[in-house]
Amino acid sequence: MALGNLTDAFTSLMFGKVETTRLPVRTSTGQAQAVYLPTAAPGLGDSGVIIGREVYSGKGYVYDPFQLYGQQLPAPHWLVLGESGNGKSALEKTYVLRQLRFRDRQVVVLDAQGEDGVGEWNLIADALGIKPIRLDPMAARDGGVKLNPLDPAITQTGQLSLLRTIVEVAMGRGLGERAGFALKAAHAHVVASVKDRQPVLDDIIDTLRNPDLSSVESLGVAVGEVQTWGLDVALVLDRLVDGDLRGMFDGSTTEGIDLDAPLIVFDLSHIDRNSIAMPILMAIVGVWLEHTWIRPDRKKRIFLVEEAWHIINSPFVAQLFQRLLKFGRRLGLSFVAVVHHLSDVVDGAAAKEASAILKMASTRTIYMQKAEEARATGRVLGLPRWAVEIIPTLSPGIAVWDVNGNVQVVKHIVTDTERPLVYTDRAMTEDAVAERVRAERQLAAEPGV
């Protein structure tokens, strides 16, 4: 104790009084907040494509499902939600343009919107020297694009699965055992007997109407019975050959479709989005891509679907795409679904299938929604309360991003080069047209495109 007192006395002599008594300071919380250093949630890293800026910190926001897939992201699939006019389309287009800077990336877009006779992605396709695959029933009758559900590039199992899905979508119900057997027997007969050309739907329809004895005799079933079982199937498929959907799927696949191009655009803008044609078309394109486009070649592929509720709202098409998502994840496929309202799908006919697909989307981007819709979205997606509360207040171009629980508010940035390609207003002035042409030339001249 004596040594301690001696030390204190020496310290006081050399440095003055050790402890200083200060009067308490009274202040407000508004003034005291300056004491705390600014903080921000951690980002997603710096590898990938830049989206824009995180609103609260101002730092750059970089996102890439292929870089994050694994420990940070259990699945590379992405759901984009929001009211029209708030920036979903601009985000999709700049995201694709920026992904295409990487030489190991490839993108397929199902473009269901458009005006003036062309799809919304037409400008971007032109700038990259890509010819969209325009599916149009009227044009197909005069030599337009055809996709053959029986294309030899699709496995026989895939062909039969596709035929079943087409029939189920058109009928609005599952295919019974007897009708399913009639279709299977007809398909097996056509595949075995047509060798000098691509089999087509007409061959299936003819065989359903006139079944081959050898395909049914082993079961002890009369040919007339099989003919009766397959009648409804034949009538449904006949619609693709001789009905309102004729022209697009009733012949050999059009030559010259480049499935190795960095960007593949299916222009569906001429299809009535509210008709049965849209889910049938989605089914055909989905299976056709699964068996002809997705390959184990180490490429990272993005499959972007606008108006995606047409897929998720049909149980049979939703099941098909659910399988595609599971299969594609092993081969580096990122599925991007763009939807206006979550209620379009979770309250629809395919609620069970929709929930399964939504669970696969580890990334969710939500633009402005009305308060009631935002609360419903928050409940389904499990968003934090603060995020739900700000969704109705978001300005165009700003969205809530939820990347596997990492929730941030991000302002999307569009560059001057991208702007004339992204905002596709057909009523452009002459100056705007000139600006677009300059942008296209600049984009084409840059390396990596």
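On a predicted model such as this, the values are computed, not experimentally measured, just so you know.
Side-chain contact of Gln369 with Asn86: a donor-acceptor pair under 3.5 Å is absent, judged by distance alone.
Atoms CG and CD1, from Asn122 and Ile130 in turn, are 12.0 Å apart once rounded to the nearest 0.5 Å. Remark: Tyr367 OH to Ile391 CD1 distance equals 12.5 Å, nearest 0.5 Å. For the atom pair CZ (Arg301) and CG (Asp104), the distance works out to 10.5 Å, reported to the nearest 0.5 Å. Between the CG atom of Leu281 and the CD1 atom of Ile166 there is a distance of 10.0 Å, given to the nearest 0.5 Å. Taking NZ of Lys300 as the start and OH of Tyr69 as the end, the distance is 9.5 Å to the nearest 0.5 Å. Here Asp232 contributes atom CG and Leu183 contributes atom CG; the two are 12.0 Å apart, rounded to the nearest 0.5 Å.
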Exercise for the section: Just do the side chain to side chain contact (heavy atoms under 4.5 Å, CB included) check on Phe181 and Glu177 with the steps written out, would you? Expected result: CA-CA 6 Å; Phe181 172 78; Glu177 290 295 329; over 6 Å; no
Practice task
For side chain to side chain contact (heavy atoms under 4.5 Å, CB included), just list the numbers for Trp121 and Val107, CA-CA rounded to whole Å, side-chain angles, deciding distance to a tenth of an Å, and then say yes or no.
Solution key: CA-CA 12 Å; Trp121 285 75; Val107 182; over 6 Å; no
Practice task
Evaluate side chain to side chain contact (heavy atoms under 4.5 Å, CB included) for Val109 paired with Ile124, printing each intermediate quantity in order.
Solution key: CA-CA 11 Å; Val109 175; Ile124 289 177; over 6 Å; no
Exercise for the section: Go through the steps for Tyr423 and Val414 under the test side chain to side chain contact (heavy atoms under 4.5 Å, CB included), then give the verdict. Expected result: CA-CA 10 Å; Tyr423 297 114; Val414 182; 3.7 Å; yes
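Between Asp64 and Arg105 there is a salt bridge, with a side-chain nitrogen of the basic residue lying less than 4.0 Å from a carboxylate oxygen of the acidic one. With salt bridges taken as basic N to acidic carboxylate O contacts below 4.0 Å, none links Glu418 and Lys93. Ion pair Lys88/Glu306 not flagged as a salt bridge, since none of the NZ, NE, NH1 or NH2 atoms sits closer than 4.0 Å to an Asp/Glu carboxylate oxygen.
For NZ of Lys131, the number of neighbouring non-hydrogen atoms (other residues, nucleotides, ligands) closer than 6.0 Å is 12 at most. The neighbour count for Arg98 CZ, taken as heavy atoms of other residues, nucleotides or ligands under 6.0 Å away, is above 12. Enclosure of atom CZ in Arg298 is not indicated, since only 12 or fewer non-hydrogen atoms of other residues, nucleotides or ligands lie within 6.0 angstrom.
The minimum heavy-atom distance linking Val400 with Ala387 is given by the pair CG1-CB, 4.1 Å. The two atoms that bring Arg134 and Val145 nearest to each other are O-CB, 3.7 Å, heavy atoms only. Residues Thr363 and Leu73 share a closest heavy-atom pair of OG1-CD1, 3.8 Å. Asn404 and Gln72 get closest at one heavy-atom pair: ND2-O, 2.9 Å. Closest approach of Glu120 to Asp111, counting heavy atoms only: N-OD2, 2.7 Å. Shown here for Gln159 and Pro149, the closest heavy-atom pair between the two residues is CG-O, 3.6 Å.
Using a distance-only test at 3.5 Å, with no hydrogens or angles considered, a donor-acceptor pair links the side chain of Asp267 to the main chain of Gly119. Remark: side-chain polar atoms of Glu54 are not paired, donor with acceptor, to backbone N or O of Tyr61 under 3.5 angstrom. When atom types are taken as modelled, the side chain of Thr365 and the backbone of Val80 share no donor-acceptor pair closer than 3.5 angstrom. Side-chain atoms of Ser161 do not come within 3.5 Å of backbone N or O of Thr157 as any donor-acceptor pair.
Taking the side chain as every heavy atom from C-beta outward, Met171 and Arg173 approach each other to under 4.5 Å. Residues His340 and Ser84 meet the side-chain proximity criterion, which asks for heavy atoms closer than 4.5 Å. Side-chain contact between Leu97 and Thr417 is absent, with no heavy atoms from C-beta onward closer than 4.5 Å. With contacts defined as side-chain heavy-atom distances shorter than 4.5 Å, the pair Leu289/Ile264 does not qualify. Side-chain atoms of Ile302 and Phe66, non-hydrogen and from C-beta on, do get closer than 4.5 Å to each other. Proximity of Asp203 to Leu150: side-chain heavy atoms (C-beta onward) are nowhere separated by under 4.5 Å. Side-chain contact between His187 and Val191 is present, with at least one heavy-atom pair separated by less than 4.5 Å. With contacts defined as side-chain heavy-atom distances shorter than 4.5 Å, the pair Asp250/Asp202 does not qualify.
In this view, Trp293 satisfies the ring-ring contact (aromatic ring centres under 6.0 Å, His included) rule with no residue, not counting sequence neighbours.
A tilted orientation is assigned to the rings of Trp78 and Trp401, their planes being inclined by 30° to 60°.
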